[in-house]
Asker: 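I'd like to ask you about the structure that follows.
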Amino acid sequence: MIMKGNLVNLFTEEIYPAEVEIQEGKIKCVREVKGELDNYILPGFIDAHIHIESSMLTPSRFAQMVVPHGTTAVVADPHEIANVQGLAGVNYMIQDAANVPLQFFFTAPSCVPATPFETSGAVLGPEEIDNLLQRDDVVALGEMMNFPGVIGGDPVVLEKIRLAHEHSKPVDGHAPLLSGDDLCNYIARGISTEHECSLREEALEKKRLGMRIMVREGSSAQNLEELWTVGGDFLVSDDRHPQDLLEGHLDQTLKKAVELGMDPLKAIQMVTVHPASHYHLDTGSVTPGKSADLVVVDDLEKFNVKKVFIKGELVAREGKPLFNVQPLTGENTFQLKTMMPSDFEIQSTGNGENTVRVIEVMEGQLLTEKSQATLESVNGILPGDIEQDVLQIAVVERYGNNHHSNAFVKGFSLKKGAIASSVAHDSHNIIVVGTNTKDMAVAVNTLKKNRGGLVTVGEGVVHSLKLPIAGLMSTQSAEEVANQLNQLQEFTKAMGCKLSSPFMTLSFMALLVIPKLKISDQGLFDGESFQFVDVIK
C-alpha cells in the first residue's frame, strides 16, 4: 500500500509532498514526490501517561473512543485497578486491551498500596514488579508516588527502582511541589519524568535538573496553559472522563497547544517521537521499519483527523472506528457493612464553638489548600455549615476491615443532599461528601448495593451510575456512560455544586500523595508533613 500526502517530518522539521510505502504492517520506504497534495501525514499520536480506569471505560471501549481522534498508542499505568485487585486487575486490562487495534503499552504499578496510610485491596511487592517488568508490553516502572520513600531510602521502594534499571526500563516520577535538595535526591535515584507540575517555576526547576516534563491536560488537572512555555517533552492526559473523550483526545490537546502559541511541529513531537524514544516503542515516527501507525489530518491548526492507520490497517475514518468491541467482564469485590447516619457524625470536644481543619478544593487542580473553620457544636456533634460551604466528607473502606473516617471539606458548594463514588484514588475506597449524615449513609449504601459506581442523593431521590468492573469501569459505550455521568453532574449542579467535574474532583480528595490536605479511610492526612492530623484543632 502507498499513501500520499504532505509529510510532516519531525526529524528535520520539514513539510513536503511524499509517499509512504507500507508492507506487512511496517513502513517500508518514504519518498519525496512532486506536486501539490492536500492532507498531512503524521505519526500516530501516543499518550505517554494515562490511567484508562479514570475514563470509567474498559480498555477496549477506551480504544473505540480515542482511535478515531488519531491516538494509535498509549502508555497506561494500571495502578487504579491494581490497588483494587492486584495482578488479577492488571491482567484484566492487558487481556481486554488485546482485543482492539490500539497499541497498549503498560507500566508496572510502583505503589500498591500508594501509601501505608490507607487500606487497599492488594499489595504489589518487588517480586510482582519483577514479573511485570519482564513483559515486552510493560515498558516502565509506573509513577513513583512514594517520594518520601525514595528520599528516605525505603528498601522496598529502592528495590523496585533497581529492578526497573536492571530491565533497562525507565522510572516515571510523581513528586508534586518537590524542590531543592529533596528533588535532587529523588532524581538521583534514576527517576526521569514528571507529570505533576502545576506551576511554571516548578516545571522549570525540574527540567533544569534533567527531568522530562509531561504537560498534563486532563479532565481535572489542566496545566497546559501554565506550562507550555517551559518547553515540555510530552503532552499527556493522565485522567480523562468519558464526556471529554467524546470531544476528543490528543487531537484536542494539540489544537489547544497551537492556539496558545506553540509551534505545531514541536507539539506533534510531544505526542510522537519523544514518547516513542523515551519508552523504546516501535512506533511514533514515519521511519522505515517502524510500525505503520499513521494519522491523516486536514491541517496543523485544528488537527481534524480524516484517517487513522495502525500496523498498516485503516482502523478509523472521519471520526468513526472501523473495528468492533466486545469488552471482557471482570470480577468485583465489595465488602463493607451497612452504614448508619451516626457513622458520619463528628464528635465535638465540648459545647460551643470548635475550630476544625478543612480540606479546600482548588478548581482544575489536584492540589488542595489547608483551611479552617469555626463550627457550632449541637448536642456534642459538629455538623457542617452550608452557609460557610463547609461540608462533611468521609472515606469508607471497602475491603472488609470496616474502617471509615470523617472530616470537613470546602469547595463543593452543595446546598442539599450528598454525592459519593467508589472511584477514590488510589485505593478506591468509597468517598462521600454531603450536607447531612442521613443522605451520606444512603449514598454509601447505594454504592454497596450497586457494587461500585457514582451516586447522588437529594430530597429522597437517588441517581446512580454503575461501574461493575472493580468498581471503576463500565462495559457500556462511552456515549452511554457519558450520558449517565452528565445526568449525575446535572443533579449535582442542581444541588448547588459549582465545580466543572465534581466527581473527578471528589475522586482526588483521597489521593494522599498530592498536597496539601486529603483524607483516607484511616483519617485526615497532611500531604506536606506526610502524617495524620486531627480534624479538630
Side-chain angles (χ1 to χ4, degrees), residues 8-11 25-27 40-52 54-55 59 62-78 93-94 97 100-107 136-140 142-143 169-170 172 192-195 212-218 224 232-240 245 248-258 262 264-287 289-297 300 303 305 307-313 315-316:
V8 179
N9 191 312
L10 299 174
F11 299 115
K26 300 281 187 179
I27 296 170
Y40 294 82
I41 299 175
L42 312 175
F45 306 149
I46 305 167
D47 195 334
H49 181 73
I50 191 166
H51 305 286
I52 305 298
S54 291
S55 71
F62 174 85
Q64 190 178 34
M65 289 308 305
V66 302
V67 167
H69 291 286
T71 302
T72 58
V74 295
V75 179
D77 186 344
M93 301 295 282
I94 293 172
V100 288
L102 178 65
Q103 297 221 54
F104 282 88
F105 302 96
F106 293 92
T107 64
D136 290 339
D137 54 0
V138 174
V139 297
E143 56 182 288
K169 295 181 177 180
D172 284 338
S192 57
T193 68
E194 174 63 295
H195 66 276
R212 291 181 169 94
I213 304 301
M214 294 178 164
V215 180
R216 174 174 54 190
E217 191 69 9
L224 179 59
D233 298 275
F234 312 104
L235 292 171
V236 304
S237 299
D238 198 7
D239 298 289
R240 279 261 177 151
L245 291 176
H249 188 215
L250 293 174
D251 57 337
Q252 192 179 47
T253 305
L254 287 169
K255 178 183 176 182
K256 182 174 179 178
V258 173
M262 189 181 293
L265 271 64
K266 299 292 187 187
I268 297 166
Q269 287 171 339
M270 295 170 73
V271 297
T272 55
V273 292
H274 288 180
S277 174
H278 182 72
Y279 293 106
H280 308 293
L281 309 181
D282 181 31
T283 184
S285 64
V286 186
T287 301
K290 291 277 191 181
S291 180
D293 302 340
L294 303 168
V295 175
V296 178
V297 301
L300 301 183
F303 293 94
V305 175
K307 295 180 181 178
V308 183
F309 295 83
I310 297 178
K311 296 182 179 179
E313 296 293 325
V315 292

Asker: Do the non-hydrogen side-chain atoms of Ser55 and Leu245 ever get within less than 4.5 Å of each other?
Answerer: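 Yes; the side chains approach each other to less than 4.5 Å.
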Asker: Under the rule for side chain to side chain donor-acceptor pair (under 3.5 Å), what residues qualify as partners of Lys256, not counting sequence neighbours?
Answerer: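 Scan of Lys256 (side chain to side chain donor-acceptor pair (under 3.5 Å), adjacent residues dropped) gives Glu217.
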Asker: How about Lys169: does its NZ atom have over 12 heavy atoms from other parts shown lying under 6.0 Å from it?
Answerer: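 Counting other residues, nucleotides and ligands, NZ of Lys169 exceeds 12 neighbours.
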Asker: Rounded to the nearest 0.5 Å, what separation is found between the CE atom of Met270 and the CE atom of Met262?
Answerer: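 One gets 4.5 Å once the value is rounded to the nearest 0.5 Å.
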Asker: Please report the closest heavy-atom contact between Ile46 and Ala276, naming both atoms and the distance.
Answerer: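 In terms of heavy atoms, the two residues are closest at CD1-CB, 4.0 Å.
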Asker: Can you tell me how far the OG1 atom of Thr253 sits from the CG atom of Leu235, to the nearest 0.5 Å?
Answerer: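 Between atom OG1 of Thr253 and atom CG of Leu235 there are 6.5 Å.
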Asker: With Ser291, which residues qualify under side chain to side chain donor-acceptor pair (under 3.5 Å), at least two apart?
Answerer: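 Side chain to side chain donor-acceptor pair (under 3.5 Å) check on Ser291 returns Gln103, Asp293.
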Asker: Ala63 and Pro68: which non-hydrogen atoms are nearest, and at how many Å?
Answerer: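 Taking Ala63 first and Pro68 second, the nearest heavy atoms are O-CD, 4.1 Å.
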Asker: Where do Asp77 and Ile52 land on the side-chain contact (heavy atoms from CB on, under 4.5 Å) test, with the steps shown first?
Answerer: CA-CA 8 Å; Asp77 186 344; Ile52 305 298; over 6 Å; no
Asker: Who are the salt bridge (charged side-chain N to carboxylate O under 4.0 Å, His left out) partners of Asp238, not counting sequence neighbours?
Answerer: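 Testing Asp238 for salt bridge (charged side-chain N to carboxylate O under 4.0 Å, His left out), a comparison that skips the adjacent residues, returns Arg216.
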Asker: I'd like to check the side-chain contact (heavy atoms from CB on, under 4.5 Å) partners of Pro43; sequence neighbours left out, ordered by chain and number.
Answerer: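 Here the qualifying residues are Leu10, Thr272, Val286.
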Asker: Residues two or more places apart in sequence or in another chain: which of them pass ring-ring contact (aromatic ring centres under 6.0 Å, His included) with Phe303?
Answerer: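 None.
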Asker: So Ser192 and His278, do their side chains get closer than 4.5 Å, heavy atoms only?
Answerer: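 Yes, their side chains come closer than 4.5 Å.
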Asker: Using side-chain heavy atoms (C-beta onward) and a distance below 4.5 Å, is Leu265 in contact with Leu300?
Answerer: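 Counting from C-beta outward, Leu265 and Leu300 do come under 4.5 Å.
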Asker: Would you say the side chain of Ile50 lies within less than 4.5 Å of the side chain of Val236, judging by non-hydrogen atoms?
Answerer: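 Contact flag for Val236/Ile50 side chains = no.
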Asker: In chain order, what residues pass the side-chain contact (heavy atoms from CB on, under 4.5 Å) check against Thr287, with sequence neighbours excluded?
Answerer: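 side-chain contact (heavy atoms from CB on, under 4.5 Å) list for Thr287, sorted by chain: Phe11, Ser285, Lys290.
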Asker: Strictly by salt bridge (Lys or Arg N to Asp or Glu O under 4.0 Å), give each pair with a member in residues 268-286 just once, sequence neighbours left out.
Answerer: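 Found Lys26-Asp282.
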Asker: Flag the pair Phe234 / Val215 as yes when at least one side-chain heavy-atom distance between them is below 4.5 Å, and no otherwise.
Answerer: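 SC-SC contact between Phe234 and Val215 ruled out.
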Asker: With Glu143, which residues qualify under side chain to side chain donor-acceptor pair (under 3.5 Å), at least two apart?
Answerer: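 Only His49, His51, His174, His195 meet the side chain to side chain donor-acceptor pair (under 3.5 Å) criterion with Glu143.
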Asker: Please lay out, stage by stage, how Thr72 and Phe45 fare under the test side-chain contact (heavy atoms from CB on, under 4.5 Å).
Answerer: CA-CA 6 Å; Thr72 58; Phe45 306 149; 5.7 Å; no
Asker: Any non-hydrogen side-chain atom of Tyr40 less than 4.5 Å from a side-chain atom of Val296?
Answerer: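 No, their side chains stay 4.5 Å or more apart.
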Asker: If you look at every heavy atom in Asp137 and Phe104, which pair is closest and at what distance?
Answerer: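 Result for this residue pair: CB-O, 4.4 Å.
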Asker: Strictly by modelled atom types, are His274 and Asp233 linked by a side-chain donor-acceptor pair under 3.5 Å?
Answerer: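 Side chains of His274 and Asp233: no pair found under 3.5 Å.
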Asker: Listed by chain and number, what are the salt bridge (charged side-chain N to carboxylate O under 4.0 Å, His left out) partners of Arg240, not counting sequence neighbours?
Answerer: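 Arg240 satisfies salt bridge (charged side-chain N to carboxylate O under 4.0 Å, His left out) with no other residue.
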Asker: Can you sort out the partners of His249 under side chain to side chain donor-acceptor pair (under 3.5 Å), two or more places apart, ordered by chain and number?
Answerer: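 Testing His249 for side chain to side chain donor-acceptor pair (under 3.5 Å), a comparison that skips the adjacent residues, returns Asp47, Thr71, Ser237.
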Asker: Can you name the closest pair of heavy atoms from Met214 and Ala48 and give their distance?
Answerer: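 So the two residues come closest at CE-O, 3.8 Å.
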Asker: With the side chain counted from C-beta on, respond yes when Leu102 and Val66 share a heavy-atom pair under 4.5 Å apart, and no when they do not.
Answerer: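 Of all side-chain heavy-atom pairs linking Val66 with Leu102, at least one is under 4.5 Å.
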Asker: Taking the side chain as everything from C-beta on, heavy atoms only, tell me whether Lys255 gets closer than 4.5 Å to Gln252.
Answerer: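 When only atoms from C-beta onward are counted, Gln252 and Lys255 do not touch, as no gap falls below 4.5 Å.
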Asker: For Val139, give me all partners under side-chain contact (heavy atoms from CB on, under 4.5 Å), at least two apart in sequence or on another chain.
Answerer: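 Only Val75, Phe105, Tyr279, Leu281 meet the side-chain contact (heavy atoms from CB on, under 4.5 Å) criterion with Val139.
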Asker: Carefully, step by step, assess Leu42 and Ile268 under the rule side-chain contact (heavy atoms from CB on, under 4.5 Å).
Answerer: CA-CA 8 Å; Leu42 312 175; Ile268 297 166; 4.0 Å; yes
